[in-house]
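For reference, the structure is listed below as structure tokens.
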Amino acid sequence: MQADQRKWWKEGIVYQIYPRSFQDSNDDGIGDLRGIINRLDYIKSLGVDIVWLNPIYASPNDDNGYDISDYQSIHPDFGTMADFDELIQKMHQKGLRLVMDLVINHTSDEHIWFQESKKSRNNPYRDFYLWWPAEKGKPAARYSYFDVNNDAWQYDVHTDSYYLHYFSVKQPDLNWENPKVREAVYDMMRWWFDKGIDGFRMDVISYISKDTNFPELPKKYNGNFLPFYAQGPTIHQHLQEMNRKVLAHYNCMTVGEAPGVGLKEALDFVDEDRKELDMFFHFDLMELDRKPGEFFTMRQGGFKLSEFKKIHTDWDAVFSKKGWGSIFLSNHDFPRPVSRWANDHPKYWYHAATMLHTFLLSMRGTPYVYFGDEIGMTNVRFDKIDDYRDIGTLNAYQKTIKEGGNLQDFFANHKESSRDNARVPMQWNADKYAGFSGVTPWIPNNPNFINGIHVAAQEKDQTSVLQFFKKMVGIRKKHLTLVYGQYEILEPDHEQIYAYKRFDDRNIFLVVLNFSDTVSEFHLPAETQEAHFEIILSNYETSDHEINPEKICLQAYQAMVCKINT
Ligand code: NOJ
């Protein structure tokens with residue numbers, strides 16, 4: 001199968017909802033399923049096609065639902081199974097599809113499987129998890145994201161053994177080498193598909209396979225655990241089995257979260273002929289502004305646009321003939337794109353946010369839009385530890401204190417990098433809690449909603465970020481060239497402007513984006529100098545455009561989509 005073979009999940013636009021923060025319907029300060037049901041008309045009005053919900057399952061919430069204690073029940077904070085059934089039915093009536101989060105690298109330590117597993121060394125569930133008997137000494141080091149000491153081995157006195165947890169101590173890793181684990185997971189997946197869901201976003205799916213001898217981290221990884229975790233010996237065997245036994249039987253889409261998977265390994269996961277996944281999220285962009293190997297520490301001096309462009313260009317090339325990419329600028333684990341990749345200063349905010357919309361919706365690959373980005377929500381930048389809720393930031397704080405680190409640096413970093421930047425409530429209107437809830441939300445609002453960064457104001461204003469978003473969605477929908485057409489970068493080394501062509505037999509589009517706060521020039525390629533340019537979308541007044549046969553002059557954060565008629 002070729003990359004341009006038509007599929008609904010290639011042509012669709014995904015809208016990601018973090019349910020805790022989207023809409024509270026029962027005034028407990030936590031978003032819920034009924035809140036989403038009440039907002040379906042809004043979601044539909046955006047022009048998106050597919051909704052991805054972060055986990056809504058039973059969970060003690062050590063990691064906000066990524067620690068699941070029962071895969072087949074709904075967390076009471078979010079409502080009931082009846083609410084879920086109503087949600088899916090109403091979504092389908094409106095022509096929206098539903099993708100659920102599938103967290104199967106680990107469970108909660110409160111899951112019945114783990115409760116059993118830790119009871120004794122010969123419990124039938126013992127091998128559902130990865131245990132290391134203490135008499136063999138301490139196992140070789142493994143890194144944990146959410147452990148204060150970054151130690152992924154937790155000693156359990158009751159059975160005198162260590163268990164593995166790549167994430168928090170309350171998120172023990174499942175043993176994918178145990179066929180009983182795999183079958184139990186497949187049964188659960190079928191159960192959700194039979195309920196009518198349209199796909200799964202698979203949490204850290206690249207990590208599920210482990211060499212259960214737990215050797216020392218091989219030298220070639222040079223201390224970098226990400227690719228090591230992603231290159232488990234049986235990963236493709238497991239994904240192919242899952243495809244054969246479950247996915248192949250449904251008209252579904254799958255997108256894997258794949259930290260550690262690089263350009264070289266990409267097609268092993270998504271080449272259609274291998275029958276594994278449809279798409280995955282790579283991490284090259286998400287790591288671009290971070291200190292290498294550190295999740296929350298910002299890289300000194302920021303990133304260069306040429307690097308940002310190279311990442312997208314290289315990844316586009318990988319999927320140009322086979323497989324399919326996913327395009328995203330943010331999600332629940334990363335800050336708001338306008339604050340991160342452009343500029344949220346009020347002087348630039350509108351142009352910066354709309355420029356990023358233009359980018360996201362004009363690239364090849366399925367676009368993923370994180371809720372609130374459509375109205376240009378910005379980083380909240382909490383400066384008090386009491387405002388933060390995320391285990392990642394709270395652990396890092398404890399670690400900083402324990403090690404006598406610099407708290408000023410800590411806040412400087414987390415104001416830009418904390419996951420809580422993206423987890424504050426959706427901004428619906430100018431009411432007290434931005435229309436999210438009638439009571440104090442589980443995490444404070446970003447106070448800037450009163451400055452017009454809310455849905456009600458932007459729905460009324462034809463020149464808002466939201467309206468621009470919808471226009472750009474409309475343009476992508478109208479032109480399949482923007483979905484399947486080839487991508488060709490122009491002037492890759494330009495440090496202010498990102499320009500590229502999208503083309504096929506039907507159309508040629510030129511997208512020109514100024515990623516800087518200064519007026520910048522871009523030289524048109526020779527072959528287009530004689531052409532007729534039709535500007536089909538711009539985030540400045542058309543009269544502000546200056547196009548002459550050789551060059552285009554762009555204002556700060558200006559974005560233009562032109563159709564080239566030769
Ligand atoms: C990736 C998820 O996106 C993140 O939110 C979570 O903390 C980890 N996986 C662990 O499940």
Side-chain angles (χ1 to χ4, degrees), residues 14 16-22 31 52-71 75 99-111 114 129-130 142-148 150 152 154 163-174 176 185 200-210 225-226 229-230 232 254-261 277 279-283 285-287 290 294-296 326 328-336 368 370-371 388-396 414 417-424 442-443:
V14 182
Q16 181 193 347
I17 294 181
Y18 198 68
R20 286 189 90 68
S21 305
F22 192 62
W52 152 27
L53 286 188
N54 288 104
I56 52 169
Y57 317 98
S59 162
N61 275 335
D62 195 48
D63 183 18
N64 279 4
Y66 280 94
D67 47 320
I68 298 173
S69 51
D70 181 351
Y71 286 107
H75 195 300
V99 166
M100 301 281 280
D101 224 302
L102 183 73
V103 188
I104 50 178
N105 174 68
H106 46 269
T107 67
S108 162
D109 65 340
E110 296 182 30
H111 193 291
F114 192 74
Y129 295 86
L130 295 155
R142 290 294 180 267
Y143 179 96
S144 163
Y145 286 79
F146 300 144
D147 182 83
V148 183
N150 297 123
Q154 174 67 24
Y163 68 84
L164 185 74
H165 61 94
Y166 279 180
F167 294 89
S168 92
V169 67
K170 285 184 67 61
Q171 293 168 292
D173 283 40
L174 282 165
W176 269 75
V185 168
F200 281 119
R201 172 270 184 188
M202 302 186 181
D203 191 63
V204 288
I205 198 69
S206 48
Y207 287 2
I208 59 173
S209 160
K210 282 121 192 161
F225 67 94
L226 276 180
Y229 280 11
T254 53
V255 54
E257 187 200 28
V261 174
L277 302 176
M279 298 170 263
F280 67 79
F281 300 124
H282 69 76
F283 271 61
L285 183 68
M286 294 298 117
E287 288 166 359
R290 302 295 160 91
E294 294 206 21
F295 200 75
F296 292 119
S326 50
F328 68 107
L329 291 171
S330 58
N331 61 35
H332 63 291
D333 290 333
F334 293 96
R336 290 286 177 184
Y368 289 75
Y370 184 62
F371 86 92
Y388 286 93
R389 301 286 179 270
D390 177 34
I391 183 174
T393 291
L394 298 178
N395 273 356
H414 283 257
S417 66
S418 174
R419 308 196 293 180
D420 283 337
N421 279 309
R423 296 180 178 185
V424 302
W442 69 278
I443 185 171

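In each ligand, atom 1 is the first atom listed, and ligand 1 is the first ligand listed.
Evaluation of the salt bridge (charged side-chain N to carboxylate O under 4.0 Å, His left out) rule for Asp62 yields no partner, not counting sequence neighbours. With sequence neighbours excluded, the residues forming a side-chain contact (heavy atoms from CB on, under 4.5 Å) with Ser59 are Asn61, Asp67, His75, listed by chain and number. Applying the salt bridge (charged side-chain N to carboxylate O under 4.0 Å, His left out) rule to Arg142 yields no partners; only residues at least two apart in sequence or on another chain are considered.
A heavy-atom distance below 4.5 Å is found between the side chains of Asp101 and Trp52.
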Need the list: ligand 1 N/O atoms against protein N/O atoms, distance under 3.5 Å, rounded to one decimal.
{"unit_1": "ligand 1", "atom_1": "3 (O)", "unit_2": "Arg201", "atom_2": "NH2", "d": "3.0"}
{"unit_1": "ligand 1", "atom_1": "3 (O)", "unit_2": "His332", "atom_2": "NE2", "d": "2.8"}
{"unit_1": "ligand 1", "atom_1": "3 (O)", "unit_2": "Asp333", "atom_2": "OD2", "d": "2.5"}
{"unit_1": "ligand 1", "atom_1": "5 (O)", "unit_2": "His332", "atom_2": "NE2", "d": "3.0"}
{"unit_1": "ligand 1", "atom_1": "5 (O)", "unit_2": "Asp333", "atom_2": "OD1", "d": "2.7"}
{"unit_1": "ligand 1", "atom_1": "5 (O)", "unit_2": "Asp333", "atom_2": "OD2", "d": "3.4"}
{"unit_1": "ligand 1", "atom_1": "5 (O)", "unit_2": "Arg419", "atom_2": "NH1", "d": "3.2"}
{"unit_1": "ligand 1", "atom_1": "7 (O)", "unit_2": "Asp63", "atom_2": "OD1", "d": "3.3"}
{"unit_1": "ligand 1", "atom_1": "7 (O)", "unit_2": "Asp63", "atom_2": "OD2", "d": "2.5"}
{"unit_1": "ligand 1", "atom_1": "7 (O)", "unit_2": "Arg419", "atom_2": "NH1", "d": "3.0"}
{"unit_1": "ligand 1", "atom_1": "9 (N)", "unit_2": "Asp203", "atom_2": "OD1", "d": "2.8"}
{"unit_1": "ligand 1", "atom_1": "9 (N)", "unit_2": "Asp203", "atom_2": "OD2", "d": "3.2"}
{"unit_1": "ligand 1", "atom_1": "11 (O)", "unit_2": "His106", "atom_2": "NE2", "d": "2.9"}
{"unit_1": "ligand 1", "atom_1": "11 (O)", "unit_2": "Asp203", "atom_2": "OD2", "d": "2.7"}

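Panel note: side chain Lys210, backbone Tyr207; a donor-acceptor pair is recorded below 3.5 Å.
Relative to the ring axis of Phe371, Arg336 places its NZ or CZ within 45° and under 6.0 Å from the centre.
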